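Along the sequence shown, residues carry numbers from 1. Both ligands and their constituent atoms are indexed starting at 1 by order of listing. Keep in mind that this is a model prediction, so the values were computed, not measured.
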Amino acid sequence: MPPVASISEKEGPLTYWTYVTSALAVLALARTIVPQEWVDCVQEWFSGLLTSLDPFCSFTFPEYSGASPDQHYELVKLYLGSKDIFGAKRVLVNLPRNAKQALFSLADGESFRDEFKGFDFEWVHCVKERTGNLVAIDGEVQQEVRSFRLRVHRKAVPTVVQYVEHIASAARKLEQLDKELLIHSNIDTYWDEQPFSHPSTFETLALDPDLKRRVKDRLTEFKADREYFARTGRAQKVGFLLHGPPGTGKSSFIAAVANFMHYDVYDLNLSAVNNDHTLRSLLASMSNNCCVVVEDVDTAGLPDRRGTSNQAGKGTKGKKDEGPTLGGMLNFTDGLLSNSGSERIFIFTTNDPERLDAALTRPGRCDLHIPLGFCNARVFKHLCSTYLGLQDDKLMLPVCALLEYQKAQVTPAQVAGFFDAHKGDPAGALKAVHGHLKSGHGELKLRADIKSGSVPI
Ligand SMILES: Nc1ncnc2c1ncn2[C@@H]1O[C@H](COP(=O)(O)OP(=O)(O)OP(=O)(O)O)[C@@H](O)[C@H]1O
(Lines give C-alpha, C1' and ligand atoms only; values in the text may rest on other atoms or scores of the structure.)
Protein backbone atom coordinates (compact mmCIF):
# COMPACT_ATOMS: atom_id res chain seq x y z
CA MET A 1 0.00 0.00 0.00
CA PRO A 2 1.53 3.39 -0.96
CA PRO A 3 2.41 5.71 1.99
CA VAL A 4 -0.30 8.22 2.90
CA ALA A 5 0.92 11.72 2.15
CA SER A 6 0.61 14.33 4.92
CA ILE A 7 -1.57 17.37 4.25
CA SER A 8 1.40 19.73 3.97
CA GLU A 9 3.25 17.49 1.60
CA LYS A 10 0.11 17.01 -0.35
CA GLU A 11 -0.61 20.68 -0.52
CA GLY A 12 3.04 21.56 -1.34
CA PRO A 13 4.82 24.92 -1.35
CA LEU A 14 1.86 26.70 -2.86
CA THR A 15 -0.17 26.27 0.34
CA TYR A 16 2.80 27.41 2.48
CA TRP A 17 3.12 30.65 0.54
CA THR A 18 -0.58 31.15 0.83
CA TYR A 19 -0.29 31.06 4.65
CA VAL A 20 2.67 33.46 4.68
CA THR A 21 0.98 35.93 2.35
CA SER A 22 -2.20 35.81 4.42
CA ALA A 23 -0.24 36.41 7.66
CA LEU A 24 1.51 39.41 6.10
CA ALA A 25 -1.77 40.77 4.87
CA VAL A 26 -3.27 40.41 8.36
CA LEU A 27 -0.22 42.16 9.87
CA ALA A 28 -0.43 44.98 7.34
CA LEU A 29 -4.11 45.35 8.08
CA ALA A 30 -3.40 45.27 11.83
CA ARG A 31 -0.82 48.05 11.44
CA THR A 32 -3.38 50.24 9.83
CA ILE A 33 -5.90 49.51 12.57
CA VAL A 34 -3.66 49.24 15.69
CA PRO A 35 -2.28 52.64 16.83
CA GLN A 36 1.50 53.16 16.41
CA GLU A 37 1.97 53.62 20.21
CA TRP A 38 0.71 50.09 20.75
CA VAL A 39 3.15 48.74 18.17
CA ASP A 40 6.03 50.65 19.82
CA CYS A 41 4.96 49.34 23.19
CA VAL A 42 4.97 45.74 22.01
CA GLN A 43 8.36 46.23 20.33
CA GLU A 44 9.85 47.76 23.49
CA TRP A 45 8.47 44.97 25.63
CA PHE A 46 9.85 42.39 23.22
CA SER A 47 13.35 43.89 23.13
CA GLY A 48 13.29 44.19 26.97
CA LEU A 49 12.39 40.51 27.14
CA LEU A 50 15.29 39.61 24.85
CA THR A 51 17.72 41.72 26.92
CA SER A 52 16.63 40.16 30.18
CA LEU A 53 17.07 36.71 28.69
CA ASP A 54 20.60 37.55 27.44
CA PRO A 55 23.09 36.51 30.17
CA PHE A 56 25.77 38.91 28.83
CA CYS A 57 26.40 42.61 29.42
CA SER A 58 28.53 44.91 27.38
CA PHE A 59 30.64 47.97 28.21
CA THR A 60 31.91 50.44 25.65
CA PHE A 61 35.24 52.26 25.86
CA PRO A 62 35.14 55.04 23.23
CA GLU A 63 38.28 56.56 21.73
CA TYR A 64 37.15 60.09 22.63
CA SER A 65 35.29 61.62 25.55
CA GLY A 66 33.88 64.72 23.91
CA ALA A 67 36.78 66.32 22.10
CA SER A 68 39.59 64.77 24.15
CA PRO A 69 41.13 61.33 23.76
CA ASP A 70 39.81 58.94 26.38
CA GLN A 71 42.51 57.37 28.52
CA HIS A 72 40.75 54.04 28.90
CA TYR A 73 40.69 53.43 25.15
CA GLU A 74 44.47 53.92 24.91
CA LEU A 75 45.16 51.81 28.00
CA VAL A 76 42.99 48.95 26.73
CA LYS A 77 44.70 49.16 23.33
CA LEU A 78 48.13 48.98 24.95
CA TYR A 79 47.10 46.16 27.27
CA LEU A 80 45.57 44.03 24.51
CA GLY A 81 48.63 44.70 22.36
CA SER A 82 50.78 43.03 25.01
CA LYS A 83 48.60 39.91 24.94
CA ASP A 84 48.77 37.07 22.48
CA ILE A 85 46.33 38.59 20.00
CA PHE A 86 47.80 36.79 17.03
CA GLY A 87 44.82 34.44 16.98
CA ALA A 88 42.95 37.39 15.38
CA LYS A 89 42.82 37.41 11.59
CA ARG A 90 43.92 41.03 11.30
CA VAL A 91 46.31 42.82 13.64
CA LEU A 92 47.40 46.46 13.29
CA VAL A 93 51.10 47.22 13.75
CA ASN A 94 52.21 50.78 14.67
CA LEU A 95 55.52 52.30 15.66
CA PRO A 96 54.65 55.56 17.46
CA ARG A 97 57.19 58.37 17.22
CA ASN A 98 58.95 58.01 20.60
CA ALA A 99 58.26 54.32 21.13
CA LYS A 100 61.08 51.81 21.35
CA GLN A 101 59.12 48.91 19.88
CA ALA A 102 56.19 48.12 17.62
CA LEU A 103 52.68 48.28 19.05
CA PHE A 104 50.25 45.55 18.03
CA SER A 105 46.49 46.08 18.25
CA LEU A 106 43.24 44.49 17.12
CA ALA A 107 41.96 45.59 13.71
CA ASP A 108 38.36 46.62 13.06
CA GLY A 109 35.88 43.92 14.17
CA GLU A 110 38.55 41.58 15.58
CA SER A 111 38.07 40.09 19.00
CA PHE A 112 40.18 38.74 21.85
CA ARG A 113 39.17 36.66 24.85
CA ASP A 114 40.96 37.47 28.11
CA GLU A 115 40.68 35.83 31.52
CA PHE A 116 40.67 37.50 34.93
CA LYS A 117 39.83 35.96 38.30
CA GLY A 118 38.32 32.92 36.60
CA PHE A 119 35.96 34.90 34.30
CA ASP A 120 36.05 35.36 30.54
CA PHE A 121 36.26 38.91 29.19
CA GLU A 122 35.68 39.26 25.48
CA TRP A 123 36.95 42.35 23.69
CA VAL A 124 35.90 43.51 20.24
CA HIS A 125 37.45 46.48 18.47
CA CYS A 126 34.54 48.34 16.85
CA VAL A 127 35.04 50.88 14.07
CA LYS A 128 32.05 52.63 12.47
CA GLU A 129 31.74 55.28 9.79
CA ARG A 130 30.90 58.58 11.46
CA THR A 131 27.42 59.73 10.47
CA GLY A 132 26.25 63.33 10.48
CA ASN A 133 28.70 66.21 10.70
CA LEU A 134 32.36 65.27 10.56
CA VAL A 135 34.36 66.63 13.48
CA ALA A 136 37.98 67.68 13.61
CA ILE A 137 39.98 66.78 16.69
CA ASP A 138 43.53 68.10 17.00
CA GLY A 139 43.21 69.38 13.44
CA GLU A 140 42.36 65.94 12.09
CA VAL A 141 38.94 65.16 10.61
CA GLN A 142 37.53 62.09 12.34
CA GLN A 143 35.75 59.96 9.78
CA GLU A 144 35.45 56.91 11.99
CA VAL A 145 34.20 56.28 15.48
CA ARG A 146 36.36 53.73 17.29
CA SER A 147 35.74 51.97 20.56
CA PHE A 148 36.49 48.77 22.42
CA ARG A 149 33.46 46.75 23.45
CA LEU A 150 33.81 44.48 26.45
CA ARG A 151 31.32 41.61 26.69
CA VAL A 152 31.06 39.75 29.98
CA HIS A 153 28.70 37.33 31.65
CA ARG A 154 26.43 38.97 34.24
CA LYS A 155 28.15 36.96 36.94
CA ALA A 156 31.42 38.71 36.09
CA VAL A 157 29.98 42.23 36.25
CA PRO A 158 31.06 42.88 39.89
CA THR A 159 34.66 42.14 38.81
CA VAL A 160 34.65 44.61 35.92
CA VAL A 161 35.90 47.61 37.92
CA GLN A 162 38.78 45.55 39.30
CA TYR A 163 39.54 44.18 35.86
CA VAL A 164 39.67 47.68 34.35
CA GLU A 165 41.99 48.83 37.17
CA HIS A 166 44.19 45.82 36.47
CA ILE A 167 44.33 46.78 32.79
CA ALA A 168 45.16 50.42 33.60
CA SER A 169 48.00 49.48 35.94
CA ALA A 170 49.46 46.87 33.54
CA ALA A 171 49.22 49.30 30.61
CA ARG A 172 50.85 52.14 32.57
CA LYS A 173 53.78 49.88 33.37
CA LEU A 174 54.12 49.02 29.68
CA GLU A 175 53.86 52.69 28.77
CA GLN A 176 56.67 53.51 31.14
CA LEU A 177 58.90 50.69 29.96
CA ASP A 178 58.49 51.87 26.41
CA LYS A 179 59.36 55.48 27.05
CA GLU A 180 62.79 56.99 26.73
CA LEU A 181 64.36 57.91 30.09
CA LEU A 182 65.17 61.56 30.76
CA ILE A 183 67.49 63.38 33.10
CA HIS A 184 66.17 66.73 34.36
CA SER A 185 68.51 69.43 35.68
CA ASN A 186 67.29 72.55 37.49
CA ILE A 187 67.79 75.94 35.87
CA ASP A 188 66.26 78.80 37.90
CA THR A 189 62.77 77.58 38.71
CA TYR A 190 62.33 74.99 35.98
CA TRP A 191 63.74 71.64 34.89
CA ASP A 192 65.71 71.28 31.69
CA GLU A 193 65.47 67.75 30.26
CA GLN A 194 67.91 65.62 28.27
CA PRO A 195 67.81 61.93 27.26
CA PHE A 196 69.27 59.76 29.99
CA SER A 197 71.37 56.93 28.62
CA HIS A 198 73.85 56.09 31.38
CA PRO A 199 74.81 52.47 30.75
CA SER A 200 75.36 51.47 34.39
CA THR A 201 73.18 48.60 35.61
CA PHE A 202 73.24 46.33 38.65
CA GLU A 203 74.97 43.80 36.40
CA THR A 204 77.85 46.16 35.60
CA LEU A 205 78.02 47.73 39.08
CA ALA A 206 80.75 46.18 41.23
CA LEU A 207 79.14 46.01 44.64
CA ASP A 208 79.25 43.48 47.41
CA PRO A 209 76.85 40.75 46.17
CA ASP A 210 74.86 40.63 49.46
CA LEU A 211 74.43 44.39 49.48
CA LYS A 212 73.41 44.38 45.82
CA ARG A 213 70.82 41.66 46.41
CA ARG A 214 69.33 43.54 49.39
CA VAL A 215 69.10 46.78 47.41
CA LYS A 216 67.44 45.04 44.44
CA ASP A 217 64.99 43.22 46.72
CA ARG A 218 64.12 46.49 48.43
CA LEU A 219 63.50 48.21 45.09
CA THR A 220 61.38 45.35 43.76
CA GLU A 221 59.34 45.40 46.97
CA PHE A 222 58.98 49.18 46.76
CA LYS A 223 57.56 48.95 43.25
CA ALA A 224 55.07 46.24 44.12
CA ASP A 225 53.95 47.71 47.45
CA ARG A 226 51.54 50.40 46.28
CA GLU A 227 48.78 48.87 48.39
CA TYR A 228 51.02 48.70 51.50
CA PHE A 229 51.87 52.41 51.29
CA ALA A 230 48.18 53.26 50.83
CA ARG A 231 47.18 51.11 53.81
CA THR A 232 49.76 52.71 56.08
CA GLY A 233 48.80 56.23 54.96
CA ARG A 234 52.16 57.06 53.43
CA ALA A 235 53.32 58.32 50.07
CA GLN A 236 55.11 55.71 47.97
CA LYS A 237 58.63 57.06 48.36
CA VAL A 238 61.91 55.83 49.71
CA GLY A 239 65.22 57.57 50.47
CA PHE A 240 68.78 56.30 50.03
CA LEU A 241 71.94 57.84 51.45
CA LEU A 242 75.02 56.75 49.52
CA HIS A 243 78.28 57.50 51.24
CA GLY A 244 81.85 56.71 50.42
CA PRO A 245 85.05 58.25 49.06
CA PRO A 246 85.19 59.63 45.51
CA GLY A 247 85.29 56.96 42.80
CA THR A 248 83.46 54.24 44.70
CA GLY A 249 80.49 54.18 42.35
CA LYS A 250 77.90 56.58 43.81
CA SER A 251 76.90 58.02 40.43
CA SER A 252 77.04 54.57 38.83
CA PHE A 253 74.76 53.30 41.60
CA ILE A 254 72.20 56.05 40.91
CA ALA A 255 72.18 55.22 37.19
CA ALA A 256 71.77 51.52 37.99
CA VAL A 257 68.73 52.31 40.17
CA ALA A 258 67.17 54.52 37.47
CA ASN A 259 67.72 51.86 34.80
CA PHE A 260 66.45 49.07 37.06
CA MET A 261 63.26 50.97 37.96
CA HIS A 262 62.97 52.61 34.53
CA TYR A 263 62.57 56.00 36.23
CA ASP A 264 63.53 59.47 35.02
CA VAL A 265 66.23 61.23 37.04
CA TYR A 266 65.80 64.71 38.58
CA ASP A 267 69.32 65.88 39.34
CA LEU A 268 68.87 68.69 41.87
CA ASN A 269 71.80 71.09 41.99
CA LEU A 270 71.22 72.82 45.33
CA SER A 271 73.78 75.53 44.65
CA ALA A 272 71.61 76.70 41.72
CA VAL A 273 68.51 76.99 43.94
CA ASN A 274 67.90 80.54 45.14
CA ASN A 275 65.56 79.96 48.06
CA ASP A 276 63.00 77.61 49.63
CA HIS A 277 60.27 78.93 47.39
CA THR A 278 62.22 77.82 44.29
CA LEU A 279 62.81 74.44 45.91
CA ARG A 280 59.05 74.02 46.39
CA SER A 281 58.32 75.05 42.79
CA LEU A 282 60.86 72.53 41.52
CA LEU A 283 59.32 69.81 43.66
CA ALA A 284 55.82 70.69 42.49
CA SER A 285 56.82 70.40 38.84
CA MET A 286 58.41 66.95 39.11
CA SER A 287 56.63 63.93 37.71
CA ASN A 288 55.99 60.73 39.62
CA ASN A 289 58.01 57.56 39.05
CA CYS A 290 61.41 59.19 39.31
CA CYS A 291 64.72 59.29 41.16
CA VAL A 292 65.39 62.65 42.81
CA VAL A 293 69.14 62.99 43.23
CA VAL A 294 71.05 65.43 45.43
CA GLU A 295 74.75 64.74 44.96
CA ASP A 296 77.32 65.83 47.54
CA VAL A 297 74.60 67.10 49.84
CA ASP A 298 77.22 67.85 52.53
CA THR A 299 78.79 70.53 50.35
CA ALA A 300 75.49 72.19 49.46
CA GLY A 301 75.77 74.92 52.05
CA LEU A 302 73.03 73.63 54.35
CA PRO A 303 73.73 73.97 58.08
CA ASP A 304 75.24 70.80 59.46
CA ARG A 305 74.77 68.97 62.78
CA ARG A 306 76.74 71.61 64.56
CA GLY A 307 74.47 74.28 63.13
CA THR A 308 77.18 75.78 60.95
CA SER A 309 76.94 76.16 57.21
CA ASN A 310 78.91 73.67 55.11
CA GLN A 311 79.86 76.20 52.52
CA ALA A 312 82.09 79.18 52.96
CA GLY A 313 80.27 82.49 52.59
CA LYS A 314 76.81 81.00 52.94
CA GLY A 315 76.37 81.18 56.68
CA THR A 316 73.21 83.28 56.75
CA LYS A 317 70.82 81.10 54.86
CA GLY A 318 67.12 81.56 54.67
CA LYS A 319 67.03 85.12 53.41
CA LYS A 320 65.77 85.93 49.92
CA ASP A 321 67.98 84.40 47.20
CA GLU A 322 70.63 83.10 49.57
CA GLY A 323 69.92 79.48 48.87
CA PRO A 324 67.56 76.97 50.47
CA THR A 325 67.48 76.47 54.23
CA LEU A 326 67.79 73.15 56.03
CA GLY A 327 64.08 73.44 56.87
CA GLY A 328 63.28 73.91 53.18
CA MET A 329 65.34 70.84 52.36
CA LEU A 330 63.66 68.79 55.08
CA ASN A 331 60.26 69.74 53.67
CA PHE A 332 61.47 68.94 50.17
CA THR A 333 62.30 65.39 51.19
CA ASP A 334 59.53 64.61 53.66
CA GLY A 335 56.97 67.41 53.82
CA LEU A 336 53.38 67.78 52.72
CA LEU A 337 54.27 68.52 49.11
CA SER A 338 56.84 65.74 48.73
CA ASN A 339 54.28 63.30 50.10
CA SER A 340 51.82 64.26 47.40
CA GLY A 341 53.75 62.47 44.67
CA SER A 342 54.14 58.75 44.27
CA GLU A 343 56.87 56.28 43.32
CA ARG A 344 59.73 58.63 44.06
CA ILE A 345 63.18 57.55 45.16
CA PHE A 346 65.24 60.26 46.87
CA ILE A 347 68.98 59.60 46.63
CA PHE A 348 71.55 61.69 48.49
CA THR A 349 75.26 61.22 48.10
CA THR A 350 78.01 62.39 50.37
CA ASN A 351 81.66 61.74 51.04
CA ASP A 352 81.10 62.63 54.69
CA PRO A 353 77.82 61.48 56.29
CA GLU A 354 78.99 62.76 59.70
CA ARG A 355 78.46 66.31 58.54
CA LEU A 356 74.81 65.86 57.71
CA ASP A 357 72.06 66.95 60.06
CA ALA A 358 70.42 63.97 61.77
CA ALA A 359 66.97 65.16 60.63
CA LEU A 360 68.06 64.76 57.01
CA THR A 361 69.33 61.22 57.46
CA ARG A 362 66.49 59.87 59.63
CA PRO A 363 64.26 57.02 58.34
CA GLY A 364 61.52 58.50 56.18
CA ARG A 365 64.10 60.72 54.50
CA CYS A 366 66.99 58.27 54.20
CA ASP A 367 65.61 54.80 54.75
CA LEU A 368 68.71 52.99 53.52
CA HIS A 369 72.25 54.07 54.32
CA ILE A 370 74.49 52.46 51.73
CA PRO A 371 78.22 52.45 52.30
CA LEU A 372 80.22 52.36 49.08
CA GLY A 373 83.84 51.73 49.93
CA PHE A 374 87.14 50.57 48.58
CA CYS A 375 87.35 47.29 46.71
CA ASN A 376 87.24 44.05 48.63
CA ALA A 377 88.07 40.77 46.85
CA ARG A 378 84.47 40.19 45.77
CA VAL A 379 84.10 43.67 44.27
CA PHE A 380 87.50 43.33 42.59
CA LYS A 381 86.53 39.96 41.07
CA HIS A 382 83.39 41.55 39.68
CA LEU A 383 85.46 44.28 37.98
CA CYS A 384 87.81 41.59 36.59
CA SER A 385 84.82 39.79 35.15
CA THR A 386 83.20 42.85 33.50
CA TYR A 387 86.38 44.59 32.31
CA LEU A 388 88.74 41.68 31.60
CA GLY A 389 86.35 38.76 31.12
CA LEU A 390 88.17 36.78 33.83
CA GLN A 391 86.23 34.39 36.09
CA ASP A 392 88.01 33.15 39.21
CA ASP A 393 91.34 33.18 37.39
CA LYS A 394 94.43 32.47 39.47
CA LEU A 395 96.00 35.62 38.01
CA MET A 396 93.68 37.57 40.33
CA LEU A 397 94.88 35.88 43.51
CA PRO A 398 97.82 38.18 44.40
CA VAL A 399 95.59 41.29 44.27
CA CYS A 400 92.75 39.54 46.15
CA ALA A 401 95.20 38.53 48.86
CA LEU A 402 96.39 42.12 49.29
CA LEU A 403 92.80 43.37 49.48
CA GLU A 404 91.57 40.72 51.90
CA TYR A 405 94.55 40.06 54.19
CA GLN A 406 96.45 43.31 54.12
CA LYS A 407 93.42 45.55 53.74
CA ALA A 408 95.08 47.41 50.88
CA GLN A 409 92.82 50.16 49.57
CA VAL A 410 91.91 50.97 46.02
CA THR A 411 88.67 52.44 44.65
CA PRO A 412 86.69 50.76 41.86
CA ALA A 413 87.33 53.89 39.74
CA GLN A 414 91.11 53.44 40.16
CA VAL A 415 90.87 49.76 39.21
CA ALA A 416 88.70 50.68 36.20
CA GLY A 417 91.39 53.19 35.20
CA PHE A 418 94.13 50.51 35.23
CA PHE A 419 91.93 48.08 33.33
CA ASP A 420 91.09 50.71 30.71
CA ALA A 421 94.79 51.41 30.26
CA HIS A 422 95.52 47.70 29.63
CA LYS A 423 92.61 46.77 27.38
CA GLY A 424 93.15 43.30 25.86
CA ASP A 425 96.00 42.54 28.28
CA PRO A 426 94.49 41.02 31.46
CA ALA A 427 97.86 39.94 32.86
CA GLY A 428 99.27 43.47 32.37
CA ALA A 429 96.15 45.03 33.92
CA LEU A 430 96.36 42.86 37.03
CA LYS A 431 100.09 43.49 37.33
CA ALA A 432 99.46 47.23 37.24
CA VAL A 433 96.89 47.06 40.06
CA HIS A 434 99.19 44.79 42.07
CA GLY A 435 102.13 47.16 41.56
CA HIS A 436 99.97 50.12 42.63
CA LEU A 437 98.92 48.41 45.86
CA LYS A 438 102.45 47.18 46.64
CA SER A 439 103.93 50.60 46.09
CA GLY A 440 101.93 51.85 49.05
CA HIS A 441 99.47 53.97 47.08
CA GLY A 442 96.62 52.01 48.55
CA GLU A 443 97.42 52.96 52.12
CA LEU A 444 94.71 55.55 52.66
CA LYS A 445 92.90 55.00 55.91
CA LEU A 446 89.33 53.84 55.61
CA ARG A 447 86.83 55.60 57.78
CA ALA A 448 85.34 53.33 60.40
CA ASP A 449 81.76 53.38 59.13
CA ILE A 450 82.70 52.59 55.56
CA LYS A 451 85.22 49.95 56.60
CA SER A 452 82.80 48.03 58.79
CA GLY A 453 79.90 48.42 56.41
CA SER A 454 77.92 48.29 59.64
CA VAL A 455 75.34 50.94 58.82
CA PRO A 456 72.11 48.96 58.47
CA ILE A 457 70.27 48.79 55.20
N1 LIG B 1 81.26 50.14 42.00
C2 LIG B 1 81.63 50.35 40.73
N3 LIG B 1 81.34 49.43 39.79
C4 LIG B 1 81.70 49.62 38.52
N5 LIG B 1 82.37 50.69 38.08
C6 LIG B 1 82.70 51.63 38.98
C7 LIG B 1 82.32 51.50 40.34
N8 LIG B 1 82.79 52.57 41.00
C9 LIG B 1 83.38 53.35 40.11
N10 LIG B 1 83.36 52.78 38.90
C11 LIG B 1 83.97 53.34 37.68
O12 LIG B 1 84.57 54.57 38.05
C13 LIG B 1 83.97 55.68 37.37
C14 LIG B 1 83.60 56.75 38.41
O15 LIG B 1 82.61 56.23 39.26
P16 LIG B 1 81.41 57.09 39.85
O17 LIG B 1 81.34 58.40 39.18
O18 LIG B 1 80.19 56.25 39.88
O19 LIG B 1 81.96 57.30 41.34
P20 LIG B 1 81.47 58.35 42.42
O21 LIG B 1 81.56 57.62 43.73
O22 LIG B 1 80.17 58.91 42.05
O23 LIG B 1 82.59 59.43 42.35
P24 LIG B 1 82.49 60.98 42.84
O25 LIG B 1 82.14 60.98 44.29
O26 LIG B 1 83.86 61.48 42.56
O27 LIG B 1 81.44 61.61 41.97
C28 LIG B 1 82.74 55.14 36.69
O29 LIG B 1 82.59 55.66 35.40
C30 LIG B 1 82.97 53.66 36.61
O31 LIG B 1 83.62 53.36 35.39
Do any nitrogen or oxygen atoms of ligand 1 lie under 3.5 Å from a protein nitrogen or oxygen, and which ones?
{"unit_1": "ligand 1", "atom_1": "1 (N)", "unit_2": "A206", "atom_2": "O", "d": "2.8"}
{"unit_1": "ligand 1", "atom_1": "3 (N)", "unit_2": "A206", "atom_2": "N", "d": "2.8"}
{"unit_1": "ligand 1", "atom_1": "8 (N)", "unit_2": "G249", "atom_2": "N", "d": "3.2"}
{"unit_1": "ligand 1", "atom_1": "18 (O)", "unit_2": "S251", "atom_2": "N", "d": "3.4"}
{"unit_1": "ligand 1", "atom_1": "18 (O)", "unit_2": "S252", "atom_2": "N", "d": "2.9"}
{"unit_1": "ligand 1", "atom_1": "18 (O)", "unit_2": "S252", "atom_2": "OG", "d": "2.6"}
{"unit_1": "ligand 1", "atom_1": "19 (O)", "unit_2": "G249", "atom_2": "N", "d": "3.2"}
{"unit_1": "ligand 1", "atom_1": "21 (O)", "unit_2": "G247", "atom_2": "N", "d": "3.3"}
{"unit_1": "ligand 1", "atom_1": "21 (O)", "unit_2": "T248", "atom_2": "N", "d": "3.2"}
{"unit_1": "ligand 1", "atom_1": "21 (O)", "unit_2": "G249", "atom_2": "N", "d": "3.1"}
{"unit_1": "ligand 1", "atom_1": "21 (O)", "unit_2": "K250", "atom_2": "N", "d": "2.9"}
{"unit_1": "ligand 1", "atom_1": "21 (O)", "unit_2": "K250", "atom_2": "NZ", "d": "3.0"}
{"unit_1": "ligand 1", "atom_1": "22 (O)", "unit_2": "K250", "atom_2": "N", "d": "3.4"}
{"unit_1": "ligand 1", "atom_1": "22 (O)", "unit_2": "S251", "atom_2": "N", "d": "2.8"}
{"unit_1": "ligand 1", "atom_1": "22 (O)", "unit_2": "S251", "atom_2": "OG", "d": "2.9"}
{"unit_1": "ligand 1", "atom_1": "23 (O)", "unit_2": "G247", "atom_2": "N", "d": "3.0"}
{"unit_1": "ligand 1", "atom_1": "25 (O)", "unit_2": "K250", "atom_2": "NZ", "d": "3.0"}
{"unit_1": "ligand 1", "atom_1": "31 (O)", "unit_2": "Y387", "atom_2": "OH", "d": "3.3"}

According to side chain to side chain contact (heavy atoms under 4.5 Å, CB included), who are the partners of S251, at least two apart in sequence or on a separate chain? E295
Got more than 12 heavy atoms from elsewhere within 6.0 Å of NZ, K216? yes
Taking atom CD of E404 as the centre, report whether more than 12 heavy atoms of other residues, nucleotides or ligands fall under 6.0 Å from it. yes
Y73-F61 aromatic ring centre distance below 6.0 Å: no
Should we say atom NZ of K223 is surrounded by more than 12 heavy atoms from elsewhere, each under 6.0 Å from it? yes
Using the ring pair (Phe, Tyr, Trp, His ring centres under 6.0 Å) definition, which of the options F116, F121, F119 pairs with H166? F116
